[in-house]
Protein chains: 2
Amino acid sequence: MTKTIKEIAGETGVSITTVRLIISGQAEKYRISAKTRALVEDYVALHGYVLHHAARSLKLKRTDAVGLIVPDLANPFFARLMAAMERHCRSQNLVLVSASTNDDPALEMRAIDNFLARGVDGLVVAPCQPPTYKSVLNRKPKLAMVLVDRDYPQDRFPAVASDNVESGMALARQMFSDAGAEPVDFFCAYTALPSIRDRITGFSEIASEQGWADWERLVHSAAEDSVASGRLLMRNFITARGAPPRAFMTSSLLVLEGVMQEVKSALGAIPEDLLIGTFDDHAMLDFLPNRIYSVVQDEKTLAALAFASISEQMAGRAVEASHMTVPSRIVRRN
Amino acid sequence: MTKTIKEIAGETGVSITTVRLIISGQAEKYRISAKTRALVEDYVALHGYVLHHAARSLKLKRTDAVGLIVPDLANPFFARLMAAMERHCRSQNLVLVSASTNDDPALEMRAIDNFLARGVDGLVVAPCQPPTYKSVLNRKPKLAMVLVDRDYPQDRFPAVASDNVESGMALARQMFSDAGAEPVDFFCAYTALPSIRDRITGFSEIASEQGWADWERLVHSAAEDSVASGRLLMRNFITARGAPPRAFMTSSLLVLEGVMQEVKSALGAIPEDLLIGTFDDHAMLDFLPNRIYSVVQDEKTLAALAFASISEQMAGRAVEASHMTVPSRIVRRN
DNA sequence: TTGAAAGCGCTAACAT
DNA sequence: ATGTTAGCGCTTTCAA
């Protein structure tokens with residue numbers, strides 16, 4: 001079992017303060033004599049010592065922990081975001097504690113309460129509802145907090161998200177350009193999300209610009225982001241028009257999967273000249289022979305900005321409730 | 001700011017003990033009078049109270065936190081494992097804290113030390129080296145600990161992993177059966193891993209059984225699990241034989257990606273009659289027209305077993321250092 | 001049915 | 001250059 005400072009002091013006959021000074025590497029600074037220093041250091045080398053974080057936290061009112069709350073930790077986007085966050089935390093000797101909300105506002109509140117009780121110094125949340133965390137602010141007014149990915153309109157917290165309007169425009173631009181005179185349909189799900197709305201805004205902008213005044217007819221939307229939604233939307237499309245579109249884009253890989261399954265089952269295979277666009281990327285899109293554009297979000301920069309904001313706040317510097325935007329990249333295959 | 005028990009006691013004129021009894025829902029049990037109870041409850045309803053976990057931990061020598069240490073949190077397998085772990089933790093009012101080791105033994109040791117200092121009650125680790133955590137056991141002999149995914153031979157800790165030998169056999173059986181008289185090559189990477197070795201063992205078993213006494217010539221291996229490894233292995237194959245194999249399997253999706261890229265660049269496209277097998281699964285394998293078998297690991301059960309073991313140990317019940325095995329499933333497409 | 005007090009391991013302020 | 005002490009918020013005896 002590991003020793004406490006007090007025990008070390010007792011067993012070496014040195015005072016608690018001195019031990020602490022030596023252990024915390026401040027021996028020089030306080031000019032501890034070489035022998036007492038050696039005495040303590042040898043003892044520690046022999047018996048070991050590990051800082052008791054709970055005790056330290058109790059005293060310092062600080063836990064050196066930051067919380068991350070997202071809808072789903074298994075979702076690749078959030079998994080990458082979390083991995084990047086964890087790297088930042090590790091580099092500053094912070095630990096990352098995380099929780100999924102399953103897109104349930106009640107779970108989200110529970111998670112926030114829980115992390116607050118555990119005294120996290122910072123909180124990064126991808127909210128599943130427009131955030132009004134007034135109770136949070138009441139209880140711990142100086143909690144460092146930042147919103148990621150889902151930038152609901154609000155002006156209390158800094159937020160960082162991808163440039164969804166711009167990337168929506170960029171993707172649509174590529175699609176319409178390659179499609180020539182053909183229309184480009186947009187299958188999108190989870191329209192309650194600000195990011196999805198922004199993507200639609202971007203799409204509509206370009207569609208109008210390309211002369212599709214009735215762009216609303218090109219947008220097919222569903223409430224829930226899932227493979228089932230993708231299937232449903234494409235099935236409805238095929239039923240109405242008799243055939244799949246020649247060019248389309250989707251709001252997520254899940255929707256793409258559903259849409260593709262339906263195309264495959266309608267046509268027996270994916271036509272090689274089908275023009276595809278999608279938000280989010282996966283290496284296996286390589287396997288398709290089609291021309292396909294995908295939008296890849298920059299989780300590293302998202303995490304870096306979120307962490308920077310948290311750090312600022314934890315350092316006591318006030319941070320304005322800005323809405324930061326991170327550029328996405330478009331990848332083209334074939 | 002949230003009140004402490006002491007403050008509540010002071011401001012309601014009740015004793016600390018009484019407040020605590022009421023707050024912790026033991027009013028009935030200790031027959032606190034209705035009025036004192038109402039008094040305190042009203043006060044709490046008005047001003048709020050949140051348990052201070054650090055203080056509680058200091059007293060109880062318990063943090064209600066469990067740590068998860070894996071090579072890479074962004075890896076879909078580990079991300080799913082972690083999401084499942086987090087659900088279990090949440091259901092028991094534990095928090096999950098996690099860290100990546102980037103497959104670096106030094107980082108792994110640091111992570112373990114760190115989590116130990118933070119006093120996690122349980123530790124789940126997917127080690128990147130044969131685990132000899134003697135220092136760990138010295139310092140906190142009663143730490144609940146379990147190994148996942150990478151079941152290095154050892155007899156100190158319980159371990160839970162997929163049935164790699166069996167699923168290797170199952171996959172190979174399907175492949176050889178579909179391949180007829182053709183050979184089935186196995187491209188595999190990260191051979192230092194017990195799981196990979198087991199998969200090779202499974203493969204070799206079936207290959208021999210099928211009359212391929214020289215099965216070692218069918219196995220092409222690389223040290224590092226990456227797309228680059230896949231490319232390299234396939235490039236070497238093509239250079240040596242003049243063409244890609246007609247049937248092959250890979251040890252991971254990364255290797256599959258690399259292998260496929262190389263086939264594509266050699267042949268211009270993926271032949272539709274190429275027979276493919278791979279460990280790990282992804283929905284987008286749907287997009288290929290080929291017959292393809294994939295092995296899907298059961299992260300939920302892996303997490304459930306790991307968590308159960310941790311729970312047992314945390315409850316003080318001794319657990320033997322068993323090696324638990326979780327069946328994988330084989331998916332066939334086209 | 002309620003209260004008082006000790007102590008978990010650490011830090012910081014204040015002595016020497 | 002080194003020592004003493006109080007106290008963070010909680011739980012747990014032990015008393016009344």
Side-chain angles (χ1 to χ4, degrees), chain A residues 1-41 43-44 47-65 93 116-119 121 139-140, chain B residues 1-41 43-44 47-65 93 116-119 121 139-140:
Chain A
M1 295 298 269
T2 167
K3 302 283 181 179
T4 71
I5 287 188
K6 195 176 172 187
E7 285 169 345
I8 298 178
E11 294 171 34
T12 55
V14 179
S15 89
I16 291 183
T17 307
T18 309
V19 171
R20 200 177 65 78
L21 258 20
I22 295 170
I23 283 181
S24 62
Q26 305 195 283
E28 300 286 278
K29 193 167 153 194
Y30 288 88
R31 317 157 107 228
I32 305 292
S33 75
K35 45 183 164 292
T36 33
R37 180 172 169 180
L39 177 63
V40 172
E41 283 177 344
Y43 186 94
V44 167
H47 297 92
Y49 167 76
V50 296
L51 176 64
H52 192 302
H53 275 262
R56 180 202 179 86
S57 294
L58 180 56
K59 182 69 194 176
L60 296 188
K61 300 180 177 319
R62 171 158 66 80
T63 53
D64 294 317
N93 291 308
L116 240 55
R118 305 197 95 116
D121 299 332
R139 281 178 12 203
K140 189 159 178 179
Chain B
M1 295 297 270
T2 166
K3 302 282 182 181
T4 72
I5 288 188
K6 194 178 174 187
E7 285 169 345
I8 298 178
E11 293 171 33
T12 55
V14 179
S15 88
I16 291 183
T17 308
T18 309
V19 172
R20 200 177 65 78
L21 258 21
I22 294 170
I23 283 181
S24 63
Q26 304 194 283
E28 301 285 278
K29 194 166 153 196
Y30 288 88
R31 320 161 98 218
I32 305 292
S33 74
K35 42 183 166 294
T36 33
R37 178 170 169 180
L39 178 63
V40 172
E41 282 177 344
Y43 186 94
V44 168
H47 298 92
Y49 168 76
V50 298
L51 177 65
H52 192 301
H53 275 261
R56 180 199 180 90
S57 293
L58 180 56
K59 182 71 194 176
L60 262 23
K61 298 178 179 321
R62 172 158 66 79
T63 53
D64 294 319
N93 289 310
L116 240 54
R118 307 202 89 119
D121 299 332
R139 281 179 12 206
K140 190 158 178 180

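The chains referred to below are lettered A, B, ... by the order of the sequence lines, with proteins before strands, and numbering in each begins at 1. Just so you know, these numbers use all the heavy atoms, side chains as well, and skip hydrogens, waters and symmetry mates. For clarity, every value in this text was computed on a predicted model and none was experimentally measured.
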Distance check needed: [N] [atom2] versus [X] [atom1], whole Å only.
X	N	atom1	atom2	result
L21(B)	dT1(C)	CG	C1'	10 Å
Q26(A)	dA1(D)	CD	P	14 Å
E28(A)	dA1(D)	CD	P	11 Å
R62(B)	dG9(C)	CZ	C1'	18 Å

Nearest 0.5 Å please: distance from the [atom1] atom of [X] over to the [atom2] atom of [Y].
X	Y	atom1	atom2	value
T12(A)	E7(A)	OG1	CD	11.5 Å
H53(A)	T63(B)	NE2	OG1	11.5 Å
L58(B)	H52(B)	CG	NE2	10.0 Å

Counting only side-chain nitrogens and oxygens, does S15(A) get under 4.0 Å of the OP1 or OP2 atom of dG3(D)?
yes
Could you identify which residues of residues 29-40 of chain A place a heavy atom less than 4.0 Å from some atom of DNA chain C, listed by residue number, or say none?
none
Does any non-hydrogen side-chain atom of I32(B) lie less than 4.5 Å from one of T18(B)?
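T18(B) vs I32(B): side chains touch.
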Nearest heavy-atom pair of T36(A) and I22(A): which atoms, and what distance?
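Shortest heavy-atom contact: O-CD1, 4.0 Å.
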Nearest heavy-atom contact between Y49(A) and K3(A) is CD1-O, 3.3 Å
With sugar-phosphate taken as primed atoms, P, OP1 and OP2 and all else as base, the protein-contact string of nucleotides 8-16 of chain D at under 4.0 Å (heavy atoms; B, S, -) is BBBBB----
